[in-house]
Amino acid sequence: MAGLLVATLGTAPSQAAAAVDNQACRPDGMYTTPGVDVPYCSVYDTAGREKMGADHQRRIIGYFTGWRTGKDGTPAYLVNNVPWDKVTHLNYAFGHVDGGNRLSVGDDTATNEATGITFPGVPGAEMDPTLPYKGHFNLLSKFKKQYPNVKTLISVGGWAETGGYFGADGSRVNSGGFYSMTVNADGSVNQAGINTFADSSVDFIKKYGFNGVDIDYEYPTSMKDAGNPLDWTAANAKRGSLVKGYAALLKTLREKLDRAGAADGKHYLLSIASPSSGYLLRGMETFPVTQYLDYVNIMSYDLHGAWNKYVGPNASLYDDGKDAELASANVYSTAQYGGIGYLNSDWAYHYFRGAMPGGRINMGLPYYTRGFKNVTGGTNGLWGTSSTSTCPVGAGLTTCGDGAVGIDNLWHDLDDAGKEAPAGSNPMWHAKNLEKGVVPDYLSKYKLTDTALQGTYTRNYSSSLVAPWLWNDTKKVFLSTEDEESVAAKADYIVNQGAGGTMIWELAGDYRWDATANGGKGEYVQGSTLTSLMYDKFKAASAYGATRSTIALPQQTLPIDVSFTNFALGDSNYPINPKIHLVNNSAVTLPGGTEFQFDYSNSAPGNAKDQSGFGLKVIRQDHTATNNVGGLKGVYNRVSVSLPGWQSLAPGASVDIDFTYYLPVSTPANWTVNVGGTLYGLTGDLTRGTGGATSSPSGSPSGSPSGSPSSSPSSSPSSSPSSSPSSSPSTSPSSSPSPSTGTCTAPSWSAGAVYATTGTKVSWKGHQYTNKWWTTGEDPSTTGQWGVWNDLGVC
């Protein structure tokens with residue numbers, strides 16, 4: 001890794017120290033924008049772990065929604081209601097992509113929730129008069145001064161604003177949103193739109209004091225009819241290009257945030273909200289964007305709901321082998337699936353763990369319910385069915401689940417006809433009142449027509465699922481909930497797995513008991529019971545897992561590019577059967593018989609194979625059970641594949657290997673290649689701790705430090721969009737630069753040469769330079785003081 005290299009001759013001590021410090025703090029597997037000294041150490045320690053304060057060993061990321069202002073009479077949830085001492089990050093929901101492809105929160109008027117409104121008479125919600133904006137953003141900035149360890153991010157998109165946005169009159173503008181901003185009508189990547197959005201994002205976070213950007217794009221998958229039904233027309237027409245556009249978006253954002261951070265002396269965060277369903281992820285290839293993210297927030301909820309008839313938990317931690325939806329699709333009885341149920345948080349965590357260290361993964365936790373009415377069968381409703389042909393207008397469905405309504409649907413949305421959308425959606429404080437049999441004082445504020453309590457809401461709990469629910473046998477109503485028991489178990493899971501923490505949708509759903517003995521209402525109200533429980537669990541925990549591989553990897557690397565190509569569209573993508581495309585970018589010829597090994601996540605069973613004669617086989621499985629009841633064990637399946645004895649791979653040559661597997665996996669990682677008995681890692685794996693120029697067994701130049709500023713985007717293990725902007729100011733090898741002039745004695749730099757040995761001296765444009773690490777094609781006069789070439793001065 002470049003940050004660990006000894007300072008070379010002519011580098012000022014302060015410059016060398018800065019370079020060492022920043023690369024030493026880079027999280028494992030995270031992409032560095034070439035030529036940029038990213039100030040990682042402003043956010044991360046030298047183990048690559050995020051610095052969040054002494055009492056925060058894991059993240060607690062809370063979504064704060066802008067619409068709960070209390071202006072309509074319903075309970076307000078304002079910035080001063082946030083448990084600032086318990087959370088580590090706040091995501092403001094939502095910004096959107098406007099009609100000009102810019103990040104926006106709407107017109108800057110006095111009624112704008114984010115930047116214009118005020119809250120007169122609300123203690124703690126007074127504006128900071130020193131700031132040029134008002135609204136929620138003013139209060140976020142005000143409270144961050146008191147809690148400087150808490151970071152804020154602007155979240156963009158969400159379910160309602162992925163494919164459009166809400167205008168000033170409250171009506172939705174179907175602009176295409178992310179779908180149009182990232183992909184043109186002809187299916188090509190809209191790099192101009194992406195650049196506009198990324199530039200505006202940098203300007204936005206600087207203007208309003210945010211620490212980064214969170215992308216909530218729902219969903220860039222090739223599965224037909226995924227995401228908001230209002231977006232299906234736009235999305236379906238482009239679904240073969242959505243993953244490519246998503247990768248271009250996040251790569252561009254990463255690079256522009258890196259450059260802005262280097263200029264400002266502070267690292268800007270980039271995160272996403274990701275789907276957790278194996279169905280949606282099947283259409284997202286190998287999720288080729290994890291390298292660009294500080295961390296991923298898994299939306300490990302909405303796993304069951306009224307979009308279909310199968311009654312189950314909103315966010316179970318584990319599979320119990322009885323999921324009615326999976327059983328109906330023969331998942332448990334189809335041998336290739338290995339009995340693995342994929343609608344649970346543990347499966348989703350392991351999916352991402354294949355490509356990332358545990359500490360860069362946060363598990364979603366819902367502070368809201370999902371529910372059904374008229375449930376038949378099941379155990380107190382669990383794994384029963386509930387169906388109707390009266391589905392919400394605009395949902396595009398002719399049959400759906402019979403969602404709970406009225407008093408069982410307090411946080412309801414309105415459908416396109418302005419009617420209550422049946423979903424059983426409630427804040428947890430309301431669910432607790434139902435469980436306790438309390439008729440609360442806020443019902444009339446929500447304009448419900450059915451407000452009488454009927455029957456008893458009995459709490460049930462499945463320890464095998466880690467899921468509580470309420471069952472009203474009188475009404476046949478099932479409400480999936482969370483409470484202290486389930487949240488404590490999930491917090492323990494996060495700690496034990498080495499995961500980064502949790503992400504909460506949304507903070508306003510947490511509860512506390514407002515006791516009459518203390519002058520209260522004798523009902524559950526908004527509070528921080530669940531968040532405080534997690535805080536207490538996490539502050540006593542060990543540090544999170546910062547290393548991706550579970551085995552020692554070679555420190556020396558070869559620049560062999562790996563990408564995964566030729567995916568079928570999602571609904572045709574079974575078995576999942578891409579090509580592994582290997583390009584030998586080293587100066588070494590890989591002889592026939594050269595063995596590659598890599599890990600893929602055990603979110604898919606250990607039965608991967610190839611059909612191209614390369615003998616690809618799984619040589620180690622961490623999880624060997626015939627199902628995943630109780631959770632997947634370990635992390636990986638390790639694969640071996642070799643070049644045929646008759647086929648060598650010369651420098652610049654490529655080869656395609658068939659890779660067949662049966663459940664989605666994120667980008668395989670932890671690659672090694674055995675060349676003549678010497679084991680190398682791959683530069684594009686971006687592994688911490690690898691570095692220094694490497695040589696082939698014959699002494700030929702061969703490698704570069706992984707993750708160093710000289711690594712090209714094409715060295716990444718994931719496919720990099722061909723239309724992405726150039727990320728390094730290199731000169732094409734086909735150009736004919738003129739040699740330097742003057743009295744320079746060192747050989748002239750050549751764009752086509754490989755400089756593998758550290759300290760190689762070249763002359764160029766009247767100066768002499770030495771290289772700090774392996775490089776090729778990078779003009780010494782353009783890389784700057786933090787780049788690969790060290791300027792020794794005029795010659």
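Remember, it's a predicted structure, so these values are computed and weren't measured experimentally.
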Please step through side chain to side chain contact (heavy atoms under 4.5 Å, CB included) for the pair Val97 and Arg102, ending with a clear verdict.
-> CA-CA 5 Å; Val97 182; Arg102 296 177 296 271; over 6 Å; no
Where do Leu242 and Tyr179 land on the side chain to side chain contact (heavy atoms under 4.5 Å, CB included) test, with the steps shown first?
-> CA-CA 7 Å; Leu242 295 181; Tyr179 299 112; 3.8 Å; yes
Might you work through the side chain to side chain contact (heavy atoms under 4.5 Å, CB included) test for Val202 and Leu257, ending with a clear yes or no?
-> CA-CA 6 Å; Val202 171; Leu257 289 170; 4.0 Å; yes
Chi angles and distances behind the side-chain hydrogen bond (donor to acceptor under 3.5 Å, both in side chains) call for Thr286, Tyr600 | CA-CA 10 Å; Thr286 60; Tyr600 73 88; over 6 Å; no
Might you work through the side chain to side chain contact (heavy atoms under 4.5 Å, CB included) test for Phe598 and Val562, ending with a clear yes or no?
-> CA-CA 11 Å; Phe598 63 86; Val562 182; over 6 Å; no
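Side-chain atoms of Thr182 do not come within 3.5 Å of backbone N or O of Ala248 as any donor-acceptor pair. Asp685 contributes a side-chain N or O that, together with a main-chain N or O of Trp671, makes up a donor-acceptor pair within less than 3.5 Å. Using a distance-only test at 3.5 Å, with no hydrogens or angles considered, no donor-acceptor pair links the side chain of Ser271 to the main chain of Tyr295. Between the side chain of Asn184 and the backbone N or O of Gly187 there is no donor-acceptor pair closer than 3.5 Å. Using a distance-only test at 3.5 Å, with no hydrogens or angles considered, a donor-acceptor pair links the side chain of Asn236 to the main chain of Asp225. Asn190 places a side-chain N or O within 3.5 Å of a backbone atom of Ser180 that can act as its donor or acceptor partner. Side chain of Asn211 to main chain of Leu153: no donor-acceptor pair is present (N/O by atom type, distance under 3.5 Å, no hydrogens or angles). Proximity of a side-chain donor or acceptor of Arg282 to a complementary backbone N or O of Met223 within less than 3.5 Å is not detected. In this structure, Trp232 contributes its side chain and Gly227 its backbone to a donor-acceptor pair below 3.5 Å. Of the possible donor and acceptor atoms, one in the side chain of Lys144 sits under 3.5 Å from a partner among the backbone N and O of Gly209.
The minimum heavy-atom distance linking Ser141 with Leu131 is given by the pair CB-CD1, 3.6 Å. Summarising the geometry of Gly278 relative to Pro664, their closest heavy-atom pair is O-CG, 3.4 Å, with the distance given to 0.1 Å. Closest approach of Met363 and Ser300 over heavy atoms only: CG-OG, 3.4 Å. Residue His767 comes nearest to Tyr769 through the heavy atom pair CB-CE1, 3.6 Å, listed as atom of the first residue, atom of the second, then distance. Nearest heavy atoms, Ser200 versus Asn101: OG-O, 4.4 Å. In terms of heavy atoms, Ala669 sits closest to Gly354 at CB-O, 3.8 Å.
Rounding to the nearest 0.5 Å gives a distance of 11.5 Å between OG of Ser276 and OH of Tyr351. Within the model, atoms CH2 of Trp67 and OG1 of Thr69 stand 11.5 Å from one another, a figure rounded to the nearest 0.5 Å. Atom CD in Gln191 sits 4.0 Å away from atom OG1 in Thr252 (nearest 0.5 Å). In this structure, CZ in Phe204 is found 4.0 Å from CZ in Phe137, a value given to the nearest 0.5 Å. To the nearest 0.5 Å, the span separating CG on Leu682 from CG on Asn670 amounts to 10.5 Å. Taken to the nearest 0.5 Å, the OG atom of Ser274 stands 9.0 Å off from the CE atom of Met503.
Counting heavy atoms from C-beta on, the side chains of Asn228 and Thr162 never come closer than 4.5 Å. Side-chain contact between Leu253 and Phe197: present, with at least one pair of heavy atoms (C-beta onward) separated by less than 4.5 Å. Contact annotation: the side chain of Lys206 approaches that of Tyr268 to within less than 4.5 Å [non-hydrogen atoms, C-beta and beyond]. Residues Asp214 and His89 have side chains not in contact (no heavy-atom distance under 4.5 Å, counting atoms from C-beta outward). Considering only heavy atoms from C-beta on, Arg239 comes within 4.5 Å of Leu569 through its side chain. Contact check for Asn195 versus Lys256: side-chain heavy atoms found under the 4.5 Å cut-off. Counting heavy atoms from C-beta on, the side chains of Val38 and Asn22 never come closer than 4.5 Å. Contact annotation: the side chain of Glu218 never approaches that of Pro275 to less than 4.5 Å [non-hydrogen atoms, C-beta and beyond].
Judged purely by distance below 3.5 Å, without hydrogens or angles, the side chains of Thr33 and Asp258 pair a donor atom with an acceptor atom. With no hydrogens or angles considered, a side-chain donor-acceptor pair links Asp216 and Tyr63 at under 3.5 Å. Side chain to side chain, Arg353 and Ser601 fail the donor-acceptor criterion of an N or O pair below 3.5 Å. Side-chain polar atoms of Tyr31 and Glu255 form a donor-acceptor pair below 3.5 angstrom. Between the side chains of Ser563 and Thr565, no donor-acceptor pair is found at a separation under 3.5 Å. A donor and an acceptor atom, one from each side chain of Asp561 and Asn585, are nowhere located under 3.5 Å apart.
Here the two rings, on Tyr208 and Tyr92, have centers that are 6.0 Å apart or farther.
Atom CG of Asp107 sits in a sparse spot, with 12 or fewer heavy atoms from other residues, nucleotides or ligands closer than 6.0 Å.
Using a 4.0 Å cut-off between charged nitrogen and carboxylate oxygen, Arg254 and Asp294 count as a salt-bridge pair.
Taking the six-membered ring for Trp and thresholds of 30 and 60 degrees, Trp159 and Tyr219 have ring planes more than 60 degrees apart, a perpendicular arrangement.
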